[in-house]
Amino acid sequence: MASSHCFAPFVFLLLLVGCSGRPFYPLPSKLADGDRQPLQTSRPYNIAHRGSNGEIPEETAAAYMRAVEEGADFIETDILSSKDGVLICFHDVTLDETTDVAEHKEFSNRKRTYEVQGVNTTGFFTVDFTLEELKSLRVKQRCPFRDQQYNGKYTIITFEEFIAIALDAPRVVGIYPEIKNPVLINQHVKWADGKRFEDRFVETLKKYGYKGSYLSKDWLEQPAFIQSFAPTSLIYVSNLTDLPKIFLIDDITVPTQDTNQSYWEITSDAYLDFIKDYVVGIGPWKDTVVPVVNNYLQTPTDLVSRAHAHDLQVHPYTYRNENSFLHFNFHQDPYAEYDYWINEIGVDGLFTDFTGSLHNYKEWSSFKESDDKNASNLLHKIASMVSSYGRA
């Protein structure tokens, strides 16, 4: 696709400076003109889960650039904070699993034990490192069965650097940031002006022009969804911005991290009717929408139809190509899984680790006016040939 030519220089740049300790990507240049291809809104959204992290280590600039190149509608990220209050893109509250922090002897005394969502968790927490220290670390692939060649090449990036990637894309690409573990962040990071994590999060979005309700003119120019597992955070930011928000829903055994509500309460009709005043949709774990037993799909629940009845979108997570994640029903075919969720379950967006696969499926399975014209022209040519043959 055309965007691959535009992004090649940036990927080359990443390879050159991946080992640098300073930020390697400029803040938004906004050099793009107003003629960029707009966001598609006619098909379920292709949401690049932590970037194209099935190929490149998650939450890195390279993973997000690859996702844009491969056709993502939105690039998704998790937002945490450094000790000095800089918002960063990182999934886990601890650095242990996806960085080389354990190899840095200078940080050996930083290991701590904090309560995270009711569980005592031990590790190297992002909130105990300054941005400069975090930038000295290198990111690695989370899953051992995925490509390991990029380990050690890339650094943790800031929220602003993430925004730069979207704004400098050759077409309109939305962002989908998550207010990650706000309870922990607000406990351990204090900003001088008394603001809280959610305030800084929204201020950053406003700084770069993100505003507007869903499908408004402003939103279509710079699309963004705000997501969180914490209902109180979503309600709080509703008073700060009219950007659309998505309420994330975990496994049926996991209560909400800030209000300790059960899965059954937050998916009830009464709660959906309440939360729709603050959000435009829900993001459930896919196995709660369609239960699984012995790796086989069971009868789908009515969560999608009930959400739609409350005028809420449904963006389930997470779709992955590997056989270890594909249920037996799909016969090791990720395209069959996409087809099932889009055409049978009727979801409105999908979080995927493999952006290119979902993009290919949507391209191959979608009707295009140009296809109809080509088919019509071919039929006319055939008719003309047959007619000429008959006269002869």
**Message:** Holding to ring pair (Phe, Tyr, Trp, His ring centres under 6.0 Å), I want the full list of residues that pass it with Tyr338, two or more places apart in sequence or in another chain.
**Reply:** none
**Message:** Taking side-chain contact (heavy atoms from CB on, under 4.5 Å) as the definition, give me every residue that meets it alongside Phe145, ordered by chain and number, with sequence neighbours left out.
**Reply:** Cys143, Glu322, Ser324, Phe325
**Message:** Under 4.0 Å between a side-chain nitrogen and a carboxylate oxygen: does that hold for Lys180 and Asp92?
**Reply:** no
**Item:** Non-neighbouring partners of Gln117 that pass side-chain hydrogen bond (donor to acceptor under 3.5 Å, both in side chains), sequence neighbours left out
**Value:** Asn181
**Request:** For the pair Asp128 and Lys83, find out whether any cationic side-chain nitrogen is under 4.0 Å from an anionic carboxylate oxygen.
**Result:** no
**Request:** Verify side chain to side chain donor-acceptor pair (under 3.5 Å) between Gln40 and Tyr45, making sure each step is shown before the conclusion.
**Result:** CA-CA 8 Å; Gln40 74 79 26; Tyr45 293 126; over 6 Å; no
**Prompt:** Regarding Gln257 and Asp250, is there a side-chain donor-to-acceptor distance under 3.5 Å anywhere?
**Reply:** no
**Message:** Within this structure, what is the NE2-CD1 distance for the pair His49 and Ile75, rounded to the nearest 0.5 Å?
**Reply:** 13.5 Å
**Item:** Ile175 CD1 to Tyr210 OH distance, which is reported to the nearest 0.5 Å
**Value:** 4.0 Å
**Item:** Spacing of Leu220 atom CG and Leu215 atom CG [to the nearest 0.5 Å]
**Value:** 5.5 Å
**Listed partners of Asp147 passing side-chain contact (heavy atoms from CB on, under 4.5 Å), at least two apart** = Gln149, Tyr150
**Message:** Among residues at least two apart in sequence or on other chains, which ones pass salt bridge (charged side-chain N to carboxylate O under 4.0 Å, His left out) with Glu58?
**Reply:** Arg50, Arg142
**Prompt:** In chain order, what residues pass the salt bridge (charged side-chain N to carboxylate O under 4.0 Å, His left out) check against Lys105, with sequence neighbours excluded?
**Reply:** none
**Prompt:** Does a donor on one side chain sit under 3.5 Å from an acceptor on the other, for Thr155 and Arg138?
**Reply:** no
**Request:** Apply side-chain contact (heavy atoms from CB on, under 4.5 Å) to the pair Thr241 and Ile226, showing each step before the final yes or no.
**Result:** CA-CA 10 Å; Thr241 177; Ile226 295 173; 3.8 Å; yes
**Any side-chain donor near an acceptor of the partner, His359 and Asn46, under 3.5 Å** = no
**Message:** Checking the side chain of Glu178 only, and the main-chain atoms of Tyr176 only, is there a donor and an acceptor separated by less than 3.5 Å?
**Reply:** no
**Asked** side-chain contact (heavy atoms from CB on, under 4.5 Å) between Asp199 and Tyr236: does it pass, once the steps are laid out?
**Response** CA-CA 9 Å; Asp199 294 309; Tyr236 183 85; 2.9 Å; yes
**Request:** Go through the structure and list residues passing salt bridge (charged side-chain N to carboxylate O under 4.0 Å, His left out) with Glu115, not counting sequence neighbours.
**Result:** none
**Message:** Just so I know, are the side chains of Phe354 and Pro334 near enough to count as touching, which here means a heavy-atom distance under 4.5 Å?
**Reply:** no
**Request:** Identify, with sequence neighbours excluded, every residue that meets side-chain hydrogen bond (donor to acceptor under 3.5 Å, both in side chains) alongside Thr232.
**Result:** Asp258
**Prompt:** Could you go step by step and tell me if Glu70 and Asn360 meet the side chain to side chain donor-acceptor pair (under 3.5 Å) rule?
**Reply:** CA-CA 9 Å; Glu70 292 179 335; Asn360 288 338; over 6 Å; no
**Request:** Could you give me the CA-CA distance, side-chain angles and deciding distance for Asn329 and Tyr340, then say whether side chain to side chain donor-acceptor pair (under 3.5 Å) is met?
**Result:** CA-CA 10 Å; Asn329 308 69; Tyr340 173 79; over 6 Å; no
**Request:** Please determine if Lys135 and Glu132 form a salt bridge, counting it only when a charged side-chain N lies under 4.0 Å from a carboxylate O.
**Result:** no
**Request:** Please identify each residue that fulfils ring pair (Phe, Tyr, Trp, His ring centres under 6.0 Å) with His188, with sequence neighbours left out.
**Result:** Tyr114
**Prompt:** On the ring face of Phe125, is Arg110 found with NZ or CZ under 6.0 Å from the centre and within 45° of the axis?
**Reply:** no
**Non-neighbouring partners of Ala102 that pass side-chain contact (heavy atoms from CB on, under 4.5 Å), sequence neighbours left out** = none
**Prompt:** Does a salt bridge link Lys217 with Glu221, judged by any charged N lying under 4.0 Å from a carboxylate O?
**Reply:** yes
**Asked** Got a salt bridge between Glu55 and Arg146, using NZ or NE/NH1/NH2 to carboxylate O under 4.0 Å?
**Response** no
**Item:** side-chain contact (heavy atoms from CB on, under 4.5 Å) assessment of Phe74 paired with Thr355
**Value:** CA-CA 10 Å; Phe74 288 86; Thr355 312; over 6 Å; no
**By salt bridge (charged side-chain N to carboxylate O under 4.0 Å, His left out) - contacts of Lys140 (at least two apart)** = none
**Prompt:** Among Leu184, Ile179, Val202, Val189, which residue meets the side chain to side chain contact (heavy atoms under 4.5 Å, CB included) test with Phe197?
**Reply:** Ile179
**Asked** Any ion pair linking Lys362 and Asp73 (charged N to carboxylate O, less than 4.0 Å)?
**Response** yes
**Request:** Report the C-alpha distance between Asp84 and Thr130 in whole Å, list the side-chain angles of each, state the deciding distance to 0.1 Å, and finish with yes or no for side chain to side chain donor-acceptor pair (under 3.5 Å).
**Result:** CA-CA 5 Å; Asp84 48 347; Thr130 66; 4.8 Å; no
**Prompt:** Of all residues at least two apart in sequence or in a different chain, which pass the side-chain hydrogen bond (donor to acceptor under 3.5 Å, both in side chains) check with Gln313?
**Reply:** Tyr214, His315
**Request:** Please say which of Tyr271, Tyr278, Phe229 ends up in a side chain to side chain contact (heavy atoms under 4.5 Å, CB included) with Phe247.
**Result:** Tyr271
